[in-house]
Undergrad: 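Please find one structure pasted underneath; my questions will follow.
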Amino acid sequence: MVKAISSNLGYPRLGEKREWKRALEKFWNGAITEQELLAETKELRLHALKKQQDKGIDLIPVGDFSFYDQVLDTSVTFGIIPKRFEHQGGKVSLNTYFDIARGKSDAVASEMTKWFNTNYHYIVPELADAEPKVLDNRALYYYEEAKKELGIEGKPVLVGPITYLKLGKGSNAASFEALLDKFIPAYAEILKELEAAGVKWVQIDEPYLATSFDKEEIALFEKVYQEFQKVAPNLNIELQTYFESLDYYEEVVNLPVAAIGIDFVHDHGESLKALKAYGFPKEKYLAAGVIDGRNVWRSNLDDKLEILTEIAAHVTDGKLIVQPSNSLLHVPVTKWSETDLDEVILDGLSFADQKLDEIAILTKALTEGKASVAKELEEARTSVTALNESSHRNNLEVQTAIANLKNVRVERELPFAERIELQHAWLQLPLFPTTTIGSFPQSPEVRKTRADWLKGNITDAEYNSFIEQETARWIQIQEELDIDVLVHGEFERTDMVEYFGQKLAGFQATKFGWVQSYGSRAVRPPLIYGDVAFTEEITVKESVYAQSLTKRPVKGMLTAPVTIINWSFVRDDVPESVVANQVGLALRKEVEALEQNGIKVIQVDEPALREGLPLKRARWEKYLNDAVYSFKLTTASVQNDTQIHTHMCYSDFDDIIDTISALDADVISIETSRSHGEIISTFEEVTYDKEIGLGVYDIHSPRVPTVSEIQDNIRRALRAIDAKQFWINPDCGLKTRKEPETIAALQDMIKATKEIRVEYQVLEK
């Protein structure tokens, strides 16, 4: 027997049926007051805590709740408010908090980017001239709330100071330590107040420790946590790492904290090797992340128990903590809302609530023996085996095709320089051609009509007629706006990945498998549970219909393999590269079908390519090579005069620009406005040989950009990119925006473009 305790690192905010999202959006729309918002979200928060309490979790996180994002929460805690929001001091109001995230009429929103290699987005701290002060000890508030309302001795969760500052902008390596020195006392004040209130455990997340960095930076962690130990000696700090193994295992486990949290799932087996090689400090707790917090498949608990037993052999008895690999923010709440799933698939799933059950079972097995949970272990064993041995995962036709990939062409027939001339010849586009990224606003009417159709309240014919009417209306709007290359609007799609998951074999859509992407934006990643195969045309009907309404080219719109992989819950019994190639082969048939039906401009979006980069640079080459291969597997069979577009989202692209070129897409569109044009510097240093559209305004903010703002973005881009290569477009799809603001913003974009065309032609003369 081994003494162990159970823990969780964070719980989904959305609610089982997206109640959190709806409350936020009602507040933003003026339908409820701030007090009503606070009351609704408190009820959701306490419900989540009560569930964890009832499941017997010993260390329950508090303060993992947020109204938008935990990094933004950290910024407002310490008063790191951009000057343009005119904060006058004191606790930051909820309206100012949301303005930072969403922007307002006279102030652009702060930059948003991906949280490490996940599809969760955070609001980037703006650290220039930062003078941190504790304006609101929210960790203490949520601790006291849980204790008062539910009797829970919670574990407050903080984003660690080094990770927070590394995620920010406005500082540099030379000034980093000086900036850190400003934050240490502010964090120390938070911790002293927590200790004084009787807090026993606090979780400080430092996922930066699981990235690749210079060993000298370990001294910064020693400095920070020595100070924290000094100011709050009776507080047990759990220093939490996740998403990868530790390059400097020996140094990290000896930092002056009570517990070290280590990911034993996404570590490629290296964490256990390091533990066996170097041991673990006898006085410390080891918080072992053994249940996958980023995927939804049920664990074989026999395997997990074996790993825990190996770990326990190196940890002082009573100092082993069993927990997920990371916060459960990244998975849906509960699988029991999925009443229509195939039994084998349902049995093989584990959402947040079920993962907590797995944690409790493993902890009991360690402390009371396997016999105490024999039934639960057998159920897990049977369910996992049934899924792996099912026909879903043993499609002979698909597996044969994968085995014969060496015979499939993955290069275009002509090089870009030759085929682009053929494309220009028939497209006949003006200088600085305009387009959009794909989707147009999904209005309440669109969502209601789809919901009525799914519920059976309207017929297929009525639904299809509505989609055609909406498509035709937006084709007309685009023509009136004078956009050059049109899109059909994607009104039939709930999500750019989920939609394809509903059409391909091996995928399963869920009803309530929602996860937070950014702010109130929720997505339902499809389940890739089996071998992926093309079964029917996916986008052809809508694209052909849209093209029949106009003489201007209409883009076919697909999502590329790596994005589908990164934005899905992918089966965990085979390498992801195998699944990506299965998706690529299936989508190749869809690309060919579009072309055969007269769609000669096809956009294959890969917005998640950069976000999926492994945290360790040593793993980049294989990942990027696999990504390029699956993209070309999808697109390479088209004729030379068919133009392939792709799109990518918020990221630093300078370190993968060669990969972007290697995709061999004729045109790529990349976000630039939300990052305030910073990506343009990449193209100032690197010559990019294909055509490119740098998004000229931010679609994630409801504010309408001015013509002059858009022109400034265009002019800056033209300092780095040849005018003949340059397309003009928004920085992402417009699905989440309202119609009036969308049309107004596109009007400004077209006006700005036409004026720039004239300006450029004058300069050329």
Side-chain angles (χ1 to χ4, degrees), residues 12-32 40 44 296 332-342 345-346 349 351 438-474 477 487-504 507-527 536 538-539 541-542 545-546 557 559 567-569 699 702 733-742:
R13 301 164 188 148
L14 275 172
E16 294 176 20
K17 306 290 173 62
R18 294 182 296 162
E19 296 90 343
W20 176 86
K21 167 191 171 69
R22 294 193 181 95
L24 283 182
E25 293 178 352
K26 284 190 294 184
F27 174 70
W28 293 339
N29 294 330
I32 61 173
E40 287 190 31
L44 286 170
V296 295
V333 175
T334 179
K335 74 176 185 180
W336 297 124
S337 298
E338 304 300 327
T339 55
D340 297 331
L341 289 184
D342 175 288
I345 298 172
L346 182 65
L349 290 173
F351 290 180
S439 59
F440 280 128
Q442 297 232 340
S443 64
E445 184 182 10
V446 170
R447 295 195 298 271
K448 181 181 183 304
T449 303
R450 183 187 301 117
D452 286 343
W453 174 60
L454 292 172
K455 293 174 184 176
N457 296 335
I458 61 174
T459 65
D460 290 353
E462 289 172 319
Y463 177 67
N464 290 332
S465 176
F466 172 81
I467 294 297
E468 287 188 352
Q469 291 170 21
E470 197 71 2
T471 301
R473 188 169 70 86
W474 274 94
I477 289 171
V487 296
H488 77 277
E490 303 180 16
F491 302 108
E492 77 285 1
R493 306 183 191 183
T494 54
D495 176 83
M496 64 182 294
V497 171
E498 180 187 46
Y499 182 74
F500 289 88
Q502 294 168 337
K503 303 285 187 176
L504 294 169
F507 282 75
Q508 173 67 56
T510 63
K511 286 187 175 180
F512 300 105
W514 297 100
V515 294
Q516 184 185 2
S517 177
Y518 67 86
S520 68
R521 170 86 166 119
V523 294
R524 277 184 303 190
L527 313 174
E536 61 179 325
I538 304 170
T539 66
K541 181 181 73 172
E542 292 79 12
Y545 174 71
M557 303 297 304
T559 306
W567 291 358
S568 299
F569 292 122
I699 67 88
L734 296 159
K735 171 184 173 180
T736 61
R737 299 273 55 89
K738 295 179 180 177
E739 183 170 319
E741 70 198 36
T742 295

Undergrad: Look at Glu542 together with Arg493 and state whether they make a salt bridge at an N to O cut-off of under 4.0 Å.
TA: no
Undergrad: Listing request: all salt bridge (charged side-chain N to carboxylate O under 4.0 Å, His left out) pairs with a residue in residues 453-467, at least two apart in sequence or in separate chains.
TA: none
Undergrad: Just do the side-chain contact (heavy atoms from CB on, under 4.5 Å) check on Lys541 and Glu492 with the steps written out, would you?
TA: CA-CA 11 Å; Lys541 181 181 73 172; Glu492 77 285 1; over 6 Å; no
Undergrad: Taking the six-membered ring for Trp, are Phe491 and Trp474 parallel (under 30°), tilted (30 to 60°) or perpendicular (over 60°)?
TA: tilted
Undergrad: Who are the side chain to side chain donor-acceptor pair (under 3.5 Å) partners of Arg737, not counting sequence neighbours?
TA: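 With neighbours one apart ignored, the set is Glu741.
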Undergrad: What distance do Lys335 atom NZ and Leu341 atom CG have between them, rounded to the nearest 0.5 Å?
TA: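 Reported to 0.5 Å precision, the distance equals 9.5 Å.
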Undergrad: Under a 3.5 Å distance rule, please check whether Glu490 uses its side chain to pair with a backbone N or O of Phe440 as donor and acceptor.
TA: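 Not confirmed, Glu490 side chain does not pair with Phe440 backbone.
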Undergrad: Working to the nearest 0.5 Å, report the span between CZ of Phe512 and NZ of Lys17.
TA: 4.5 Å
Undergrad: Closest approach of Val333 and Pro12, non-hydrogen atoms and distance?
TA: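 Answer, listing the atom of Val333 first, then Pro12: CG2-CB, 3.9 Å.
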Undergrad: For Arg524, give me all partners under side chain to side chain donor-acceptor pair (under 3.5 Å), at least two apart in sequence or on another chain.
TA: Glu498
Undergrad: Please report the closest heavy-atom contact between Trp567 and Met496, naming both atoms and the distance.
TA: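 Trp567 and Met496 have their closest heavy atoms at CZ3-SD, 3.4 Å.
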Undergrad: How long is the span from the CD1 atom in Ile458 to the CH2 atom in Trp453, to the nearest 0.5 Å?
TA: 8.5 Å
Undergrad: Starting from the C-alpha separation in whole Å, work towards a yes-or-no answer on side-chain contact (heavy atoms from CB on, under 4.5 Å) for Ile538 and Tyr499.
TA: CA-CA 9 Å; Ile538 304 170; Tyr499 182 74; 3.7 Å; yes
Undergrad: By side chain to side chain donor-acceptor pair (under 3.5 Å), which residues pair with Asp452, not counting sequence neighbours?
TA: Lys448
Undergrad: Please assess Phe27 against Glu40 for the test side-chain contact (heavy atoms from CB on, under 4.5 Å), listing each intermediate value before the final yes or no.
TA: CA-CA 11 Å; Phe27 174 70; Glu40 287 190 31; over 6 Å; no
Undergrad: Can you confirm whether the side chains of Glu445 and Thr449 place a donor and an acceptor under 3.5 Å from each other?
TA: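 Judged by distance alone, the side chains do not pair up.
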Undergrad: Show the nearest heavy-atom pair for residues Ser568 and Val497, with the distance to one decimal.
TA: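 Reported closest heavy-atom pair: OG-CG1, 3.4 Å.
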Undergrad: For Glu470, which residues count as a side chain to side chain donor-acceptor pair (under 3.5 Å) partner, sequence neighbours excluded?
TA: Arg473
Undergrad: Please test Arg521 against Thr736 for side-chain contact (heavy atoms from CB on, under 4.5 Å), starting from the C-alpha separation and ending with a verdict.
TA: CA-CA 8 Å; Arg521 170 86 166 119; Thr736 61; 3.9 Å; yes
Undergrad: With sequence neighbours excluded, tell me which residues meet ring pair (Phe, Tyr, Trp, His ring centres under 6.0 Å) with Trp28.
TA: Phe98
Undergrad: So which atom in Met557 and which in Phe500 form the shortest heavy-atom distance, rounded to 0.1 Å?
TA: O-CZ, 3.7 Å
Undergrad: Rounded to the nearest 0.5 Å, what separation is found between the CD1 atom of Ile467 and the OH atom of Tyr545?
TA: 11.0 Å
Undergrad: Taking side chain as C-beta onward, heavy atoms only, is Arg450 less than 4.5 Å from Tyr463?
TA: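 Result yes, sub-4.5 Å side-chain heavy-atom pair found.
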Undergrad: If every non-hydrogen atom of Pro526 is compared with every non-hydrogen atom of Gly501, which pair is closest and at what distance?
TA: CB-CA, 4.2 Å
Undergrad: With side chains defined as the heavy atoms from C-beta onward, is the minimum distance between Trp20 and Gln516 less than 4.5 Å?
TA: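 A side-chain contact exists here, since the closest heavy-atom pair is under 4.5 Å.
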Undergrad: Does Ser439 reach the main-chain N or O of Leu734 with its side chain, forming a donor-acceptor pair under 3.5 Å?
TA: yes
Undergrad: Compare every heavy atom of Ala23 with every heavy atom of Ile32, then report the nearest pair and how far apart it is.
TA: CD1-O, 3.5 Å
Undergrad: Once you round to the nearest 0.5 Å, how far does OG1 of Thr339 lie from NZ of Lys511?
TA: 4.5 Å
Undergrad: If I take atom CG from residue Leu349 and atom CG from residue Leu527, how far apart are they, to the nearest 0.5 angstrom?
TA: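 Here the interatomic distance stands at 5.5 Å.
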